[in-house]
Amino acid sequence: MRVLTAAEIRGLESCAVESGVSMETLMENAGAEVAAAVTEKMDVTGKKTVILCGKGNNGGDGFVAARLLAAEGAKVTVVLMQGAPASDLAKQAYDKMGRGIEIIMYRTAGGAVDAADVIIDAVFGFSFHGRLPSVMEPLLARAAENKKAFHISVDIPSGAVCDTGAVEGACFKADLTVTFTAMKPAGVVYPAAGFGGMTVVRQVGIKEEHLEMLPCDTESVLLGNICPLFPKRDPEGHKGTYGRLLMICGSVGMAGACIMAARAALRSGVGLLNIAIPHALYPILAPAVPEAIFTLYDPTEAPGEAVLDAIDKASACLVGCGLGTAPYAAKLVDAVLENAHGTVVLDADALNILAKTPEKLLVPQAPVIITPHPGEMCRLNGRTMAELRADRLQTARVFAQTYRVITVLKGAGTIIAAPSGETRVNTTGNPGMAKGGSGDVLAGITGALCAQNMQPFEAAYSAVCIHGAAGDLCAEALSQHGMLPTDLIEKLPQVFLQIEGK
Ligand SMILES: NC(=O)C1=CN([C@@H]2O[C@H](COP(=O)(O)OP(=O)(O)OC[C@H]3O[C@@H](n4cnc5c(N)ncnc54)[C@H](O)[C@@H]3O)[C@@H](O)[C@H]2O)[C@@H](O)CC1
Ligand SMILES: Nc1ncnc2c1ncn2[C@@H]1O[C@H](COP(=O)(O)OP(=O)(O)O)[C@@H](O)[C@H]1O
Ligand SMILES: [K+]
C-alpha cells in the first residue's frame, strides 16, 4: 500500500480543488467517514459521544462528525481543546453543527470523557509537529483510562507526527484510526503506529487518477504484496538453479546463531548452503545442519584459499551472525567485501566490526544489504537512540543513500530503504519475536533469497515480511510469550505454502 506524506496529500488536495471539488466537500466526506466508522461499530442512539476538537481542519472533521452522529441520535459533546476554531473551513463546520450538541472547554471535560461510550480524537492531524501541548495531557490520560469507550482517531492519533511517525510526548491511544486519501507514515511507522490501533484508509473526494499519477517511493508491505515476486520453481530445476549461499557465521560460544541462520536459509529455498566455520565448531554444526557443506578455517590465520574460493563461488554471502569481533573475524569481513560477486548480507557482528569504519561498506562491487537492530544502527551512524526514534524512516534512508547499501532497520515496523530512496515499511510480526535469535533467522532468510538471485531490495523486504508472517503464525499457535526464534524456522514452510498458493 502506498504511503504518502502531508505535503503529498496537500498537493492532491490542490489538484482536487482545481478540478472542482471544494475543500468543504473534502471535509464533509472526511467527517462522514468518521461518523460511519462509529455507526458501523455500534447503534449510536443515546450513546455518549465525546469529540475532542482542535482549532484546525482536523477539528473541522470532528465538527462534521459531531453533526452527523447527533443526527443519528448520539448524545454528542464537543470539547474545544484549543478554543474557537481558527481555519475558515473549521469555522464553517462549527457553525453548521447547530443546536443540540453540548460544547465545552477542555478544562471542564474530565467528567464527560470518563462517562463516554465513544471518544473521537480530532485534535491534530497531518500538520502537527513537535510535542502535544502539556495542558492537553491530563485529558488524554483520562480518555485512555476509560477502557469501556471506543477510541477513534481522525486521520492520525493526536501527538504523532505525520511524516516521521515520531511521538515525543503524550499521544491519543486509539482502537481505530480513519485516515483519508492514503496511508501516512504515522499509520505504519513506530512509535506512532503503536498508538493508532487499526488504521483504515477512506476516500474523501480526491480523484483516483490524481492519486495514481503521483510518484510514490514509500510503500507498506503485506504478504499478499510479495507473492508475485516468487515465480514457480522450474520443474527441471536442480540445486545449482537455486543458488549457493556462503555463510560466514558462528564462533565458539555463539554456534546457535549460525545454526538458526542456516536452518532458516535452508527453509527458504536455497539450492546449496556452504558454512564457513572454525574447525572447533564442526562437531556441533555438522549434525545440527546435515544439509550443509562446510568450509573449515583456522581462526589464528588470515583467510586462506578455501575461504576465498568459497566466496568466489557463492551467489550470495551472509556474514556476521554470532561471528564475534575478534581480529580474524574482521579479516573475514574484509575478504567478503573485497571479493564477493553476489549480494552481501551483513548482520550483527559484521556490523559491529564495521561500526568504526562504515566507509568500507562502499568497497564491494556487489550489492550490500545490512540488517541492523536500532543499537547496531546507532553504532554505525553515530547517532543517539532518541534521534533514531524521532525519524526511523529518514534514519534508514539517509544511511542507505550515504553508504549505497540496502538498509534494513529492524524492530516493530521494520524499515527497508534502498540507495535509490525507495522505502518499504513492514506490517507483519509481533513482540513475541523480541527474543535473541530472531535476527539470525531473518539474516538466514535474506541470504537465501539473495542467493536465489532475487533482486536485492525485493529480497530484503520479502525476507522481512516472511519472517514477520512466520512470527504471526507462531504467536497464534504458541502465544507471544511461549514462541521461540527456532519456532519461526518451523513456520516458514507454512508461509511459503501461502506464497506458492497465490
Ligand atoms: N487535505 C485533505 O485532503 C483533507 C484534510 N482534512 C483534515 O485536515 C487535517 C489537517 O488540518 P490542518 O492543516 O488545519 O492542521 P491540523 O488540524 O493537523 O493542526 C491544527 C493546527 O495545529 C498547529 N500545531 C501543529 N503542531 C502543534 C503543536 N505541537 N502544538 C500546538 N499546535 C500545533 C498547526 O500549525 C495547525 O495550524 C487533516 O489531518 C485532516 O484531518 C480533511 O478535512 C479532509 C481532507
Ligand atoms: N515488537 C516487535 N514487532 C515486530 N518484530 C519484532 C519486534 N521485536 C523484534 N522484532 C523482530 O525480531 C528480530 C530481532 O532481531 P535482533 O534484534 O537482531 O535480535 P537477535 O540479534 O538477538 O536475534 C528483528 O527482525 C525484529 O524486527
Ligand atoms: K487526530
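Please read these numbers as outputs of a predicted model, since none were measured by experiment. For ligands, and for the atoms within them, numbers begin at 1 and follow the listed sequence.
For ligand 2, one of its N or O atoms has an N or O atom of Lys410 under 3.5 Å away. Taking distance alone, with nitrogen or oxygen atoms compared against 3.5 Å, Gly439 approaches ligand 2 more closely than that limit. The shortest N or O to N or O distance between Gly411 and ligand 2 is below 3.5 Å.
The ligand atoms of ligand 2 that sit less than 4.0 angstrom from a heavy atom of Pro431 are 1 (N), 2 (C), 3 (N). Residue Thr414 approaches ligand 2 through these ligand atoms, each under 4.0 Å from one of its heavy atoms: 27 (O). Taking a cut-off of under 4.0 Å to the non-hydrogen atoms of Gly437, the atoms of ligand 2 that pass are 20 (P), 22 (O), 23 (O). The Gly436 neighbourhood of ligand 2 comprises atoms 22 (O), 23 (O), with distances under 4.0 Å to a heavy atom of that residue. For ligand 2, the atoms closer than 4.0 angstrom to any heavy atom of His373 are 17 (O), 18 (O).
Screening Asn29, Val34, Leu26 for a side chain to side chain contact (heavy atoms under 4.5 Å, CB included) involving Phe180 leaves a single residue, Val34.
When the salt bridge (Lys or Arg N to Asp or Glu O under 4.0 Å) test is applied to Glu33, the partners found at least two apart in sequence or on another chain are Arg202. For Val201, the side chain to side chain contact (heavy atoms under 4.5 Å, CB included) partners at least two apart in sequence or on another chain are Met1, Thr179, Met183, Gln203.
Geometry at the K ion (ligand 3): OD2/Asp121 and O/Val154 form an angle of 120°, nearest 10 degrees.
The K ion (ligand 3) lies under 3.4 Å from an N, O or S atom belonging to Ile156. When distances to the K ion (ligand 3) are checked against a cut-off of 3.4 Å, Ser153 contributes no N, O or S atom below that limit. The K ion (ligand 3) has no N, O or S atom of Thr177 inside 3.4 Å of it. Among the atoms of Pro157, no N, O or S atom is found under 3.4 Å from the K ion (ligand 3). For a distance bound of 3.4 Å, the N, O or S atoms of Phe124 include one lying that close to the K ion (ligand 3).
Side chain to side chain, Thr371 and Asp347 meet the donor-acceptor criterion of an N or O pair below 3.5 Å. A donor atom on one side chain and an acceptor atom on the other are found under 3.5 Å apart for Ser153 and Asp121. Looking at Thr428 and Asp472, their side chains never bring a donor and an acceptor atom within 3.5 Å of each other.
Identified under the salt bridge (Lys or Arg N to Asp or Glu O under 4.0 Å) test for residues 149-172, with sequence neighbours left out: Asp155-Lys184.
Nearest residue to atom 13 (C) of ligand 2 from Ala261, Ser438, Ala475 is Ser438 (criterion: closest heavy atom).
In this structure, Arg379 places its CZ atom where more than 12 heavy-atom neighbours from other residues, nucleotides or ligands lie under 6.0 Å away.
Protein residues with a heavy atom under 4.0 Å from ligand 1 are Ile9, Glu13, Leu26, Met27, Ala30, Gly56, Asn57, Asn58, Asp61, Gln82, Phe124, Gly125, Phe126, Ser127, Phe128, His129, Arg131, Pro133, Asp155, Phe180.
Residue-level proximity to ligand 2 for Thr371 is absent, since no heavy atom of it falls below 4.0 angstrom.
Ring geometry for Phe172 versus His151: interplanar angle of 30 to 60°, hence tilted.
What you find for Arg2 and Leu214 is that their closest heavy atoms are NH2-O, 2.9 Å.
The main-chain N or O of Ala112 is never found under 3.5 Å from a side-chain atom of Arg142 such that the two would form a donor-acceptor pair.
Residue, atom and distance of the protein heavy atom nearest to atom 25 (O) of ligand 2 are His467 CE1, 3.1 Å.
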